[in-house]
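Naming convention: chains lettered A, B, ... in sequence-line order (proteins, then strands); numbering from 1 in each chain.
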Amino acid sequence: MDNRATSVGGAGALQLSPMSLNHELADIFRTMAAVFEIKGESIFKAIAFSKVSRILNDMTFDIRKAYDDGTLAQIEGIGASSRKVIEDYLKNGRSADFEEVSTSVPAGLLPMLEIPGLGPKTIALLWKERGVTNVEELVKAIDEGKLDGLKGIGAKKIDSIKQGIALRAQAKGRVGIVEALPIGDSLVERVRALKGIKQAEVAGSLRRRKETIGDVDIVAAIDGKVDPSEISAEFVKFPEVQHILGQGTSKASVLTAGGLQVDLRLVPEENFGAALLYFTGSKDHNVRIRSRALDRGMTLSEWGLYDLAKYEKAEKKTAEAPKLKPVASKTEADIYKALGLAYVEPEMREDRGEVALAEANKLPKLITLADIRGDLHTHTTASDGIASIEEMAAAAVALGYKFLAITDHSKSQVIANGLTAERLLKHIAAIRKADGKVKGIKLLAGCEVDILVDGRLDFEEAVLKELDIVVASPHVSLKQESGKATDRLKRAIDTRYVNIIGHPTGRLINSREGLPLDLAQLFPLAAKNGTAMEINAGYPRLDLNEINARAAIEAGVTLSINTDAHSTVGFGEMIYGINVARRAGVMVSHVLNCMSFTDVMTFIEKKR
DNA sequence: GCCGTTTTCGGCCCGACTGTTTTCAGTCG
C-alpha cells in the first residue's frame, strides 16, 4: 500500500490510458480496503474491496469496455457498491465514495500498515489514544515514551514496532525471481541436508514462479522420531540468517542478510502434501478450494483434508496434526482428487478461474522448457552481443534447438552498435554462410528492427525483404500517450515483413512502466494478420507479462518466447519466459518457436 | 461488501506465533 490516498481520484484521471485505468481503479479499491481495516469496519468489507482491487489488476480487458457493454454487473466479485465507484469514476473522473472514505482517516496512517508487526487495530489505537497520524510521528512518540501505559502495548511490543520500522526501511521490497530462485534453491538444499528431514520443497510465490517474490517459503517433511523444534533451531543458525522473526515448534521465520524473509514450515511426512498446498498458495486459491471443501462437508487446513463433522469432534493441539484420519493429506494430487478436481499446476494457482477448469477437467496442458525448439530473437558481436554467429549456433545446438534466428539491432540503436543497411546485408551473407557450415540446426538471417516513434520501421521494405525473419521492437519514446503508442504498434503489426513484435511494451520490472498500449486493439489485429507477439524471457523485461500474454492467447495471437540473448549464457533465461507463459495458461499450440522449422517458415511466408 | 441446487439474511478459510495476558487479541501467511 502506498500513499496514494490523496493523489488518485482527481480531475487528471480523465487523461488516463485504458490499461492504467484498471490499475488506477485497483489502487482506489485497495486504499478503501485499507481505510476500512483501520476504521475497524467489518473485515469482510475490506476483504471484498481488496478482492475487487485484485480483480481489476488481473483483468485482461479494459474495464471501460465492460462498462460500455453493460457487462460490469456480470463480473464475479464486483457488486453494487463497487460498481457505483467504478461508474462514477468512468463518468466523472472521480469517485465521491472514494473521496469520502479516503479523507476519513489521515493519509499517513496507510503506509503504517507496511510496518511488520503493526496491524490495523494497533494503528487505530495509536491514532485515537496518542494522536499518531504517520510513521514519523510514531517514531517520535516511541522516542519520547508517549506509548507507555497504552492498554495492550507493553515494552516488547514497542520494541517490535521499533524493529519493524527499521526493517521496513532496509527491506528491498519484492525481489526478482532471477535473484530469489537461487537463494530459495540453496536454502532448500541446506534444509534437506539437516538430520531428520525426509523431503523439502520451495513453496509460496517462488514455486508459483511469480515474476517478483515477497519472501521465500520452504516446506519440509520430518521424521516422526525427530523433535521439530531442534530442526527449526538449526535452521535459524544458517549462515544466511541475519535476524529471527519468529521461531516455534512447527514454523520459523527469518530475514537473510540481503533483507529477504524466509519462512520454514515443518510437518510430519503424512501431512506434507497439505502443507505444501497451503504454503504454495496463492491465498486466493486456498480460500477457493477451502470453501469448496466446506461445500462438500469437509474442511481443509495445512494439516489435511478432513470430514467436517468428525473434525469438529476431534482432539486438536497447536502445532500438531488433528487426531483423526484425514480424507487426504500426503500429496497435493490426493487432495485435489478428493475435492473432485484435476491437479492444478502451481503456476496456475491464482484464483483466475483455474478451479472451475480443474473441475471440468479442462486445464490447459502447460508448455514446458523441453517444448522449445528454437530461439527467434538473439544478438551477436555484429551489434551488441558478445558471441559470434558460430558460437551462438553451437550453444543452441547443445540445447537441442532445431532453429535459431540471429537478429542484431538496426541502425537507430547507435548505442548498441546497430547495423546500417550496408552492414546488415553483409551480416545476412555471413549468417547464410554459417548456416551452410553448422550441422543440426537451421540459422535464420534476421534483424531486430526499431519501431520508430510513429510506427515506421528503421529499414525500408526493400531491405527487410532480404531477411528470413523480422523482429520489430520499441526501444525509445516509451512514455507516449496511449493512443499514439497504440497506433505506433498497430502500424508495425500491419507491416508486411514484420513477423514478431519484440518486448511489445518495453516495460522493465521495478524501473519502467513501458508503453500504455491498448492491447485489446492490437491483439485481434496481430491474430488476424499473422504477427506473433513476444514473451521476452530476459529479466527484468518479461514482456509481455502474464496478464497480457493470457489476453493475447485469448485473442488468438501466436506467441514467441525468446531470450533476446546477447551471449551464449543468455539462452539460459528461456526458463523465465516459460514461467510467464505457464502462469498465462500457454500451451505448445500457442507458441511459434514450439513449431517445427517448416511450420515456422510457413507462418512467416503466409504474411509475406 | 458480496453472494446464494439448503439462504435475499447470515454467513464469509484456517492455523501458528507473540505479547500481554489469567483466557485472549492482534498479526501474519
Side-chain angles (χ1 to χ4, degrees), chain A residues 29 32-33 35-38 40-53 55 73 75-85 97 101 112-126 149-161 163-164 203-205 214-219 228-229 232 244-253 261-267 271 274-275 277-306 308 311-312 316-322 339 351:
Chain A
F29 283 103
M32 289 172 87
V35 173
F36 288 150
E37 277 196 75
I38 290 173
E41 297 195 28
S42 157
I43 186 63
F44 300 109
K45 219 167 136 177
I47 290 171
F49 269 11
S50 296
K51 197 176 163 196
V52 173
S53 172
I55 290 168
I75 301 172
E76 193 196 327
I78 300 184
S81 302
S82 301
R83 213 152 54 227
K84 179 163 172 282
V85 172
D97 289 348
V101 170
M112 288 169 64
L113 284 168
E114 289 168 17
I115 298 170
L118 197 57
K121 295 278 171 30
T122 313
I123 291 170
L125 183 76
L126 295 171
L150 258 183
K151 190 172 157 53
I153 309 286
K156 276 190 168 174
K157 186 76 200 168
I158 292 174
D159 218 42
S160 105
I161 293 172
Q163 276 195 15
S205 53
D215 55 21
V216 174
D217 302 294
I218 297 170
V219 180
S229 47
S232 77
I244 302 169
L245 295 166
Q247 184 190 352
T249 52
S250 70
K251 199 167 158 179
S253 286
Q261 184 175 334
V262 182
D263 298 330
L264 174 69
R265 169 80 184 209
L266 301 164
V267 293
N271 305 97
L277 184 64
Y278 152 74
F279 238 61
T280 297
S282 68
K283 191 174 175 173
D284 295 306
H285 179 82
N286 286 350
V287 169
R288 177 75 62 183
I289 59 176
R290 284 177 180 204
S291 128
R292 181 183 177 87
L294 283 180
D295 288 346
R296 306 191 148 213
M298 296 181 279
T299 177
L300 177 63
S301 75
E302 47 264 57
W303 294 106
L305 181 66
Y306 300 92
L308 184 58
Y311 179 84
E312 279 168 351
K316 280 154 285 199
K317 275 195 212 154
T318 294
E320 278 181 33
L339 288 170
D351 192 28

Listing time: all N or O pairs from protein to nucleotides 3-6 of chain B that are below 3.5 Å?
residue, atom, partner, partner atom, Å
B/dC3, OP1, A/Gly77, N, 2.5

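- Figure legend. B/dC12 is base-paired to B/dG1; pairs are counted as Watson-Crick or G-U wobble with both atom distances under 3.5 Å.
- For A/Glu76, the salt bridge (charged side-chain N to carboxylate O under 4.0 Å, His left out) test picks out A/Arg288, with sequence neighbours left out.
- Here A/Tyr278 does not count as stacked on B/dC14, because the ring centres are not under 5.5 angstrom apart with planes under 30°.
- Of the C1' atoms belonging to B/dC3 and B/dT8, the separation is 9 Å, rounded to the nearest Å.
- Listed by chain and number, the residues in a side chain to side chain contact (heavy atoms under 4.5 Å, CB included) with A/Glu41 are A/Phe36, A/Lys39, A/Lys45 (sequence neighbours excluded).
- Of all nucleotides listed (B/dC13, B/dG1, B/dC17), B/dC17 comes nearest to the side chain of A/Ala319.
- Judged as a side-chain hydrogen bond (donor to acceptor under 3.5 Å, both in side chains), and not counting sequence neighbours, A/Ser82 has no contacts.
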Polar pairs (N or O, both sides) under 3.5 Å between protein and nucleotides 20-23 of chain B?
residue, atom, partner, partner atom, Å
B/dT20, OP1, A/Gly154, N, 2.6
B/dT20, OP1, A/Gly154, O, 3.1
B/dT20, OP1, A/Lys157, N, 3.1

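- For A/Ser253, the side chain to side chain contact (heavy atoms under 4.5 Å, CB included) partners at least two apart in sequence or on another chain are A/Leu245, A/Gln261, A/Asp263.
- Within a 6.0 Å sphere centred on NZ of A/Lys316, heavy atoms belonging to other residues, nucleotides or ligands number more than 12.
- Using a 4.0 Å heavy-atom criterion, one finds that A/Leu300 contacts the sugar-phosphate atoms exclusively.
- If you take atom P in B/dA16 and the same atom in B/dT21, they sit 24 Å apart, rounded to whole Å.
- With P as the reference atom, B/dT20 and B/dG26 are 14 Å apart, rounded to whole Å.
- Looking at the side chain of A/Val287, the nearest of the listed nucleotides B/dC14, B/dC2, B/dC13 is B/dC13.
- A/Lys84 pairs by the salt bridge (charged side-chain N to carboxylate O under 4.0 Å, His left out) definition with A/Asp97, not counting sequence neighbours.
- Comparing atom distances between the A/Asp217 side chain and each of B/dC2, B/dC17, B/dG29 picks out B/dG29 as nearest.
- Under the rule for a side chain to side chain contact (heavy atoms under 4.5 Å, CB included), the partners of A/Lys251 that lie at least two apart in sequence or sit in another chain are A/Arg265.
- Judged as a side chain to side chain contact (heavy atoms under 4.5 Å, CB included), and not counting sequence neighbours, the contacts of A/Ser53 are A/Ala26, A/Phe29, A/Arg30, A/Asn57.
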